[in-house]
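Below is one structure; the comments refer to it alone.
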Amino acid sequence: MDRRVRVRFAPSPTGALHIGGVRTALYNYLFAKKHGGDFLLRIEDTDQTRFVPGAEAYIIESLKWLGIEPVEGVGFGSDASGGPHTPYRQSERKPMYRQYAMQLMEAGHAYYAFDTAEELDGMRERLKASNVDAKYDAITRSTMKNSLTLSEDEVQKRLESGDPYVVRFKLPRKEEVKFHDEIRGWVSFNTGQLDDKVLFKSDGMPTYHLANVVDDYLMEISHVIRGEEWLPSAPLHVLLYRAFGWEDKMPKFAHLPLLLKPEGNGKLSKRDGDRLGFPVFPLNWVDPSTGEMSSGYREAGYLPDAVVNLLAMLGWNPGSNQEIFTIEELIAAFSLERVSKSGAKFDQNKAKWYNQQYLRKLDDSALLPFLLKSLEANGLNTNFSEAYSLMVCSLVKEKMSFTKEIWDISRYFFLDPSEYDLAVIQKRWNEKIPALLKDIQTGLASEELLDAQSIERIYNECLTQNGILGKDFLQLFRVCLTGVAGGPPLFEIAALIGREALERRIEHAIQEFENLHKQ
RNA sequence: GGCCCGUUCGUCUAUCGGUUAGGACACCAGAUUUUCAUUCUGGGAAGAGGGGUUCGACUCCCCUACGGGCUACCA
C-alpha cells in the first residue's frame, strides 16, 4: 500500500461526456490529489465503429472547464506527448496489445476462435431453446471452432490463409473469484456464470478488457475508480491480472454508484439530453451525425466550481453538515469509504441552489464578462461605460441563479421598458397615480443631485402629499421604471439609470399606465 | 431468464447495536423588507415487508419485494 497513487479516467470517445462520467473523473481527481498522486486521462477508442469526431476534444475541454485536470494523458501533460507512458490513446497503442494476447495464449489462458457471427448466433439460439444460459463457456467452447477443438494443422492453416479470428480468454471452470471493492467491501463471483470473453478482435484491436488491464498495468495504475456498470466484468479483470502474473501489481477497485434519472427509472443516459429540464452534459454538444444539439452546464449558466461541488456531493458526503466546499476542501475531505453504495438521483433544485451560492460569492467583476457579452449581442456595448455595467452586476448579483440570466434581469438598466407587468398595473393603479407620478417627475427635475437617498426622499414626500401609502405604490413605481415586478433595491436602480432615463420612463408611464390598467 | 449490486423524509444524505432518527434542497407558515427577492424563525416529512440474532436493531444474518447494473468481436 506504499505504492504511488495513480488513477485514470478512461472514457471512450463515443459522444459527449455525460455528468456521470464527469463525476467519475472528479472522484478520480480528488482521490489522486488527496494522496499526492497522479490523475491521468486515457482515451479508450478501441471500437473503431463507434468513433465520434469531436468527442475527444469535447472531453478534454470539459475537464479543463471544470478544472479537473489530469497531469498525464491525451491533451494534457507537461509536453505534447502527454507524459511518460505515451501514447494515451488506445488506438495508437494498437501494436502493443497483440504480444499480450500471445502471452496468454502461450500460458494456456487464451485460445483462437474462428466462429463466424452466424455460428455464434446459432449456438446461442440452440442453447436458449434448450433453456440453458447462452454463453461461450467451458462447456460450449468444446463444440465451437477454436484452437481447443481444431487440430494444430487446421489452426495453422486457417491462420496462414488469413481466416478471421479472435482470441478468447479461457475461463477457469468453476472458481470463486473474490475481490475487495473499496466501496462495497468483498464481492464474489463464480466463473461458472461468466463466459470466455473476447480479448482480441478480428480487426486486430483489443477489446476493452484486454486493453484496460494491460494499460492499467503498464501505466502503473494503483486504483481503478469507475462506474458500477463495470462491476460484473471486474472478476474477469482480476483473472486477467492473475493470468498475466501481475497479481502483485493489481490495482484496488472502487465501483461508484450510478447517477439515476430524476423521474425514477434507469441510469441517466446520454440520450436523456434536454428532456429532463437540466443539462446532462458539461458543455453544449452537437451530435455530428444528426446535428442535434444538447445543452451543457456551461451554456446553461452554471459556474464550474458549483458543478464540481454539487457533483461531489452526489454520492459522497464528508460526514459533517458542510455543503459548500472549495476544491481544496474537497480534496482534503474526500475518501472512498464515504462514497455511498446506492445510486443517486440528480436534483435540479439543489443544483440551482448550489449555483446561486457560488454566484453570490463571486466578485462583481467576475460577472462583468457575461453582461458585456449580452450587451454586445444586443448592440449596446458602446453605449455604456464598463463602470456602469460593473455597478449593474453588483446590484443584480443576488437576484441571479445562473449566469445566463444576467441580461434578462438587467436589461432595464440599458433599455427603457418596452412592456410592463400588467398584473401589477391592474392591481395598483388608481386615479391618484398620474398626479403622483407628475409630482415625482417635477420633484426629481428640481433636485440637483440624484442619488438613491435624494430620490427616495422626493418619492416619500410626494407620497405624503398625495395621500398614498408606500406599500400600495412602490411596486407600481418599480414597474414604471423597470417594467418588471421584482429586482434589486429600487432607489439604487433609479440613481444608477440617471436623470434622463427617469424623466423618460416616468413620462412614458404617465401616458401608458392609464390605458394599460383597463386592459 | 441468469448473475451481481443496492433499499433512511419528495430528493441528496447523517447514524458505523442504545438518538425525541440529525442536516441540506424543495414545500408550507410567520417575522423582517414602504414592493418582489434576500434574510431570520418555525412546521410537516423517512428506516420496503417478514423472520431471526441480541437485554436492546435503521444498524448484524436470512427470506421476500422493489430498484439498478451486466449478460456483444460496445465501452
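Naming: A, B, ... by sequence-line order, numbering from 1 per chain. Treat the numbers as computed from the prediction; the structure is a model and nothing was measured.
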From B:U11, B:C4, B:U13, nucleotide with atom closest to A:Ala344 side chain: B:U13

Using distance only, find each side-chain donor-acceptor pair of residues 123-132 of chain A under 3.5 Å and give its atom names and separation, not counting sequence neighbours.
| unit_1 | atom_1 | unit_2 | atom_2 | d |
| --- | --- | --- | --- | --- |
| A:Ser130 | OG | A:Arg126 | O | 3.2 |
| A:Ser130 | OG | A:Leu127 | O | 3.1 |

G-U wobble or Watson-Crick pairing nucleotide for B:G6 (cut-off 3.5 Å, both distances): B:C66

Nearest-nucleotide pick for A:Asn460, side chain only, options being B:U34, B:A75, B:C36: B:U34

Sugar-phosphate, base or nothing in reach of A:Phe491, heavy atoms under 4.0 Å: base

Sugar-phosphate only, base, or nothing, as touched by A:Val198 at under 4.0 Å among non-hydrogen atoms: sugar-phosphate

Sugar-phosphate, base or nothing in reach of A:Glu337, heavy atoms under 4.0 Å: nothing

Gap separating the CD atom of A:Gln357 from the CZ atom of A:Arg360, nearest 0.5 angstrom: 6.0 Å

Sugar-phosphate only, base, or nothing, as touched by A:Arg168 at under 4.0 Å among non-hydrogen atoms: sugar-phosphate

B:C36: pairing nucleotide in any strand, Watson-Crick or G-U under 3.5 angstrom: none

Nearest-nucleotide pick for A:Leu314, side chain only, options being B:C12, B:C74, B:A24: B:C12

Rounded distance in Å between the C1' positions of B:C66 and B:G50: 14 Å

Under-3.5 Å donor-acceptor pair between A:Ser202 side chain and B:C73 base: yes

Protein N or O to nucleotides 6-9 of chain B N or O, pairs below 3.5 Å:
none

Side-chain N,O (A:Asn317) to OP1/OP2 (B:A14) below 4.0 Å: yes

Strand contacts (RNA chain B) in residues 464-474 of chain A, 4.0 angstrom heavy-atom criterion: A:Gly470, A:Lys471, A:Leu474

A:Arg360 vs B:U39: side-chain N/O to OP1/OP2 distance below 4.0 Å: yes

Sequence neighbours excluded, every pair satisfying salt bridge (charged side-chain N to carboxylate O under 4.0 Å, His left out) that has a member inside residues 347-357 of chain A: A:Glu323-A:Lys350

Stepwise side-chain contact (heavy atoms from CB on, under 4.5 Å) test for A:Leu395 and A:Met391: CA-CA 6 Å; A:Leu395 277 179; A:Met391 282 189 277; 5.9 Å; no

Sugar-phosphate, base or nothing in reach of A:Gly319, heavy atoms under 4.0 Å: nothing

Below 4.0 Å: OP1/OP2 of B:C4 and any side-chain N or O of A:Lys178: no

Cationic tip of A:Lys404 above A:Phe402 ring, under 6.0 Å, 45° of axis: no

Spacing of the C1' atoms in B:C12 and B:U7 (rounded, Å): 15 Å

Geometric cation-pi criterion, A:Arg23 with A:Tyr27: 6.0 Å, 45°: yes

B:U13 to B:U59 separation - C1' atoms, rounded to the nearest Å: 16 Å

Set of residues satisfying ring-ring contact (aromatic ring centres under 6.0 Å, His included) with respect to A:Phe513, sequence neighbours excluded: A:Tyr420

B:C16 to B:C63 separation - P atoms, rounded to the nearest Å: 27 Å

A:Arg338 side chain near B:U15 phosphate (N/O to OP1/OP2, under 4.0 Å): yes

Salt bridge (charged side-chain N to carboxylate O under 4.0 Å, His left out) contacts touching residues 467-490 of chain A (sequence neighbours left out): A:Arg428-A:Asp472

Distance below 4.0 Å between A:Ser340 side-chain N/O and B:U13 OP1 or OP2: yes

Sugar-phosphate, base or nothing in reach of A:Asp115, heavy atoms under 4.0 Å: base

Between B:G68 and B:C73 - C1' atom distance, rounded Å: 27 Å

Spacing of A:Gln348 atom CD relative to B:C12 atom P, expressed in whole Å: 14 Å

Side-chain N,O (A:Thr46) to OP1/OP2 (B:A75) below 4.0 Å: yes

Sub-4.0 Å heavy-atom contacts from residues 124-133 of chain A onto RNA chain B, ordered by number: A:Arg124, A:Asp133

Mate of B:U54 where both pairing distances stay under 3.5 Å, Watson-Crick or G-U: none

Nucleotide of B:G69, B:U35, B:A75 approaching A:Pro232 most closely (side-chain heavy atoms): B:G69

Electrostatic pair A:Arg184-A:Glu228, nearest N-O below 4.0 angstrom: yes

Between the protein and nucleotides 30-33 of chain B, which nitrogen or oxygen pairs come in under 3.5 angstrom?
none

A:Asp45 and A:Ser12 side chains, donor-acceptor separation under 3.5 Å: no

Between A:Asp115 and A:Tyr136, a side-chain donor and acceptor under 3.5 Å: yes

Closest listed nucleotide, where the reference is the side chain of A:Glu229 and the choices are B:A24, B:C73, B:A75: B:A75

Sugar-phosphate, base or nothing in reach of A:Ala485, heavy atoms under 4.0 Å: base

Sugar-phosphate only, base, or nothing, as touched by A:Ser320 at under 4.0 Å among non-hydrogen atoms: nothing

List, one per line, each side-chain donor-acceptor pair under 3.5 Å for residues 189-199 of chain A, sequence neighbours excluded.
| unit_1 | atom_1 | unit_2 | atom_2 | d |
| --- | --- | --- | --- | --- |
| A:Asn190 | OD1 | A:Gly192 | N | 2.8 |
| A:Thr191 | OG1 | A:Pro172 | O | 2.9 |
| A:Thr191 | OG1 | A:Arg173 | O | 3.3 |
| A:Thr191 | OG1 | A:Glu175 | N | 2.7 |
| A:Thr191 | OG1 | A:Glu175 | O | 3.4 |
| A:Asp195 | OD1 | A:Lys197 | NZ | 2.7 |
| A:Asp195 | OD2 | A:Lys197 | NZ | 3.4 |
| A:Asp196 | OD1 | A:Arg141 | NH1 | 3.1 |
| A:Asp196 | OD1 | A:Leu171 | N | 3.2 |
| A:Asp196 | OD2 | A:Tyr111 | OH | 2.5 |
| A:Asp196 | OD2 | A:Arg141 | NH1 | 2.6 |

Pairing residues for A:His209 by the ring-ring contact (aromatic ring centres under 6.0 Å, His included) criterion, not counting sequence neighbours: A:His237

Rounded distance in Å - NZ (A:Lys261) to C1' (B:U11): 17 Å

A:Arg89 bridged to A:Glu56 by N-O distance under 4.0 Å: yes

With A:Phe477 via ring-ring contact (aromatic ring centres under 6.0 Å, His included) - residues at least two apart: A:Tyr459, A:Phe473

Rounded C1' spacing from B:U41 to B:U34 in Å: 23 Å

Which residues share a ring-ring contact (aromatic ring centres under 6.0 Å, His included) with A:Trp353, sequence neighbours left out: none

Nucleotide opposite B:G1 in a Watson-Crick or G-U pair, distances under 3.5 Å: B:U71

